[in-house]
Amino acid sequence: MSILKIQNLSKTYSNGVKALNDVSLEIPKGLFGLLGPNGAGKSTLMRTIATLQEADSGSIELNGLDVINDKMGVKRNLGYLPQEFGFHPKETAFSFLNHFCMLKGITDKSSRQELVESLLQRVNLWDARKQRLGTFSGGMKQRLGIAQALIGNPGLIIVDEPTAGLDPEERVRFHNLLSEIGENVVVLLSTHIVDDVSDLCPQMAIINKGEIVFTGNTGEAIDVMKAQIWEKPIEKTSLDEYRSRYHILSTRLFAGRHYIRIFQAESPGGDFIPVDAKLEDVYFKHLERGINNPVAG
Ligand code: ADP
C-alpha cells in the first residue's frame, strides 16, 4: 500500500520557471530516494508535500489525508528536515528539541523531558546535549534535525539533501540513522548524490527538469543494465570522436587519466573492459531523456 500518492502535480513560479511538470508518484513503505540534479524540482516537491507551499494543480494524499486541504492533519503525520534550518548558535541541543516539542503541542513538562531525552539518545547526541549548537559539526546538526522531525511519531519523514556537505564518516553515520528509522517509518530522501540512494533506498525515482523520468526498484533498475557497461581510458582530445561512435554515459578522472563509460549490449571490442553496472549508469541514462526531450516552456 502506498503511503503517499502524488498525482499530476504542476508548479510554475512567478518568474516563469516550471519547477514541477505533471508529477505523479506513489511512495510505498520504506526508504524512498528522489534523485535529481540541482534545479530539478526536488525541494519544490518536498516543500509542497510538507504543506509549506502550494502547487498550481494536482493532488497529494498522505495516508488517506488530502495534503492540499487538510494541512493541520498532514503536519501531525509528517516530519520534515529542510535543506537548512535556522537555530540559535548559543542554544543547546536539549533546549532546541524542548522548544520544538512545545511547538508540536507537548505541553506536559515531564513527558516532554522524557521525549527529548529519548530523541537525543536515538540520534546519538546524548553526550552533546548540553553543547551549544554553534559548535556542532554538519553531521551533528543533521542528526539533531532528524530528532526534531521524529517528534510526534510521524508516518512520513521527508529529508531534503541531508548529506550535502557532510564528511564521509558523518555521512555513513547519518546513513545508518536513516536506515534505522526507515525500518518503521516511511522516509522520503531527496538528493543529488547517487550513492545516497544506492546505499539506502530500495525504491526510487529520478526527477529532471520538473519531470519524473524514472520510478521503480533500485536493484532492478541496475540489473536491467547488467553486462552492458564498458569502460576504457582515453586521451582527452579524442572524447568527441568517441562520443560520435558510442553511447557515452559518463566520463571520469582516475589517477590523472580520463575514462569513458559506455552503454551497449554487444561488446565494443578493442580495449574496452566490461564493468559492473551502477546506479550512476541508470541515473545518467535516464537524465538523457530530459536532455533529448527538453521540457516545453
Ligand atoms: P532542486 O531542489 O532539485 O535543486 P528546486 O525545487 O529548488 O530544485 O528548483 C527547481 C527550479 O525552480 C529551479 O530552476 C529553481 O531555480 C526554481 N525555483 C525554486 N524556487 C523558486 C522560487 N521561489 N522562485 C522562482 N524560481 C524558483
Side-chain angles (χ1 to χ4, degrees), residues 4-27 31-60 62 67-68 71 74 78-86 138 141-142 145-146 149 156-166 171 174-175 178 186-201 203-216 218 221 250 279-280 282-297:
L4 182 68
K5 196 169 176 184
I6 299 161
Q7 279 179 307
N8 309 108
L9 208 66
S10 290
K11 168 74 182 178
T12 303
Y13 286 109
S14 53
N15 60 357
V17 173
K18 192 160 201 166
L20 297 175
N21 188 7
D22 205 23
V23 166
S24 295
L25 212 50
E26 293 207 14
I27 316 280
L31 264 150
F32 188 95
L34 179 71
L35 182 61
N38 287 332
K42 301 182 294 300
S43 285
T44 303
L45 183 57
M46 301 296 102
R47 291 175 54 81
T48 310
I49 299 167
T51 75
L52 297 171
Q53 66 179 68
E54 289 188 0
D56 301 329
S57 56
S59 65
I60 308 175
L62 172 62
V67 172
I68 317 269
K71 290 195 174 58
V74 169
L78 179 135
Y80 176 55
L81 173 60
Q83 248 177 48
E84 281 178 19
F85 62 84
K141 281 180 204 156
Q142 289 301 67
I146 284 290
L156 173 70
I157 294 196
I158 295 178
V159 283
D160 197 356
E161 301 271 0
T163 64
L166 297 193
R171 204 171 136 251
F174 193 72
H175 276 184
L178 282 184
V186 183
V187 180
L188 176 52
L189 167 77
S190 130
T191 183
H192 66 274
I193 301 168
V194 180
D195 286 347
D196 280 354
V197 176
S198 61
D199 288 357
L200 288 172
C201 306
Q203 301 287 328
M204 62 172 291
I206 299 174
I207 184 168
N208 192 25
K209 297 179 183 166
E211 292 190 12
I212 301 295
V213 293
F214 171 81
T215 177
T218 309
S250 57
L279 187 59
E280 199 174 69
V282 176
Y283 180 53
F284 285 127
K285 183 163 178 291
H286 285 286
L287 284 191
E288 288 166 2
R289 258 178 70 183
I291 295 163
N292 293 334
N293 307 301
V295 177

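One-based numbering, in listed order, for ligands and for the atoms of each. Because the structure is a prediction, the values reported are computed rather than measured.
- Nearest heavy atoms, Leu189 versus Leu178: CD1-CD1, 3.9 Å.
- Among all heavy-atom pairs drawn from Glu161 and Lys42, the shortest one is OE2-CE, 3.0 Å.
- Looking only at atom types and distance, the side chain of Asp22 has no donor-acceptor partner in the side chain of Ser10 under 3.5 Å away.
- Taking atom 8 (O) of ligand 1 as the reference point, the nearest protein heavy-atom neighbour is Gly41 N, 3.1 Å.
- Summary of contacts: the protein heavy atom closest to atom 4 (O) of ligand 1 is Gly39 N, 2.7 Å.
- Those atoms of ligand 1 that come under 4.0 Å of a heavy atom in Asn15, given as number and element, are 25 (C), 26 (N).
- By the definition of a contact as any protein heavy atom under 4.0 Å away, atom 16 (O) of ligand 1 is not in contact.
- Heavy atoms from both the backbone and the side chain of Thr44 come within less than 4.0 Å of ligand 1.
- At a heavy-atom distance under 4.0 Å, only backbone atoms of Pro37 (N, CA, C or O) approach ligand 1.
- Among protein heavy atoms, the minimum distance from atom 19 (C) of ligand 1 is reached at Tyr13 CE1, 3.4 Å.
- For the residue pair Ser250/Tyr283, the side-chain donor-acceptor check at 3.5 Å is not satisfied.
- At a 3.5 angstrom cut-off on N or O pairs, Ser43 counts as close to ligand 1.
- For the residue pair Thr48 and Glu54, no side-chain donor N or O sits within less than 3.5 Å of a side-chain acceptor on the partner.
- Side chain of Asn208 to backbone of Leu287: a donor-acceptor contact under 3.5 angstrom is found.
- Which parts of ligand 1 touch Ala40 is read off a 4.0 Å heavy-atom cut-off, strictly below it: atoms 1 (P), 3 (O), 8 (O).
- In this structure, atom 11 (C) of ligand 1 has a protein heavy-atom contact shorter than 4.0 Å.
- Short contacts between ligand 1 and Lys42, defined as distances under 4.0 Å to a heavy atom of the residue, involve ligand atoms 1 (P), 2 (O), 3 (O), 4 (O), 6 (O), 8 (O).
- Using a 4.5 Å heavy-atom cutoff, the side chains of Leu35 and Met204 are in contact.
- Close contacts between ligand 1 and Asn38 involve ligand atoms 4 (O) [criterion: under 4.0 Å to a heavy atom].
- If you check which protein heavy atom lies closest to atom 14 (O) of ligand 1, you get Val17 CG1, 3.5 Å.
- Salt bridge annotation for Asp196-Arg171: present, with a cationic side-chain nitrogen under 4.0 angstrom from a carboxylate oxygen.
- With hydrogens and angles disregarded, no donor-acceptor distance shorter than 3.5 Å links the side chain of Gln203 to the backbone of Phe32.
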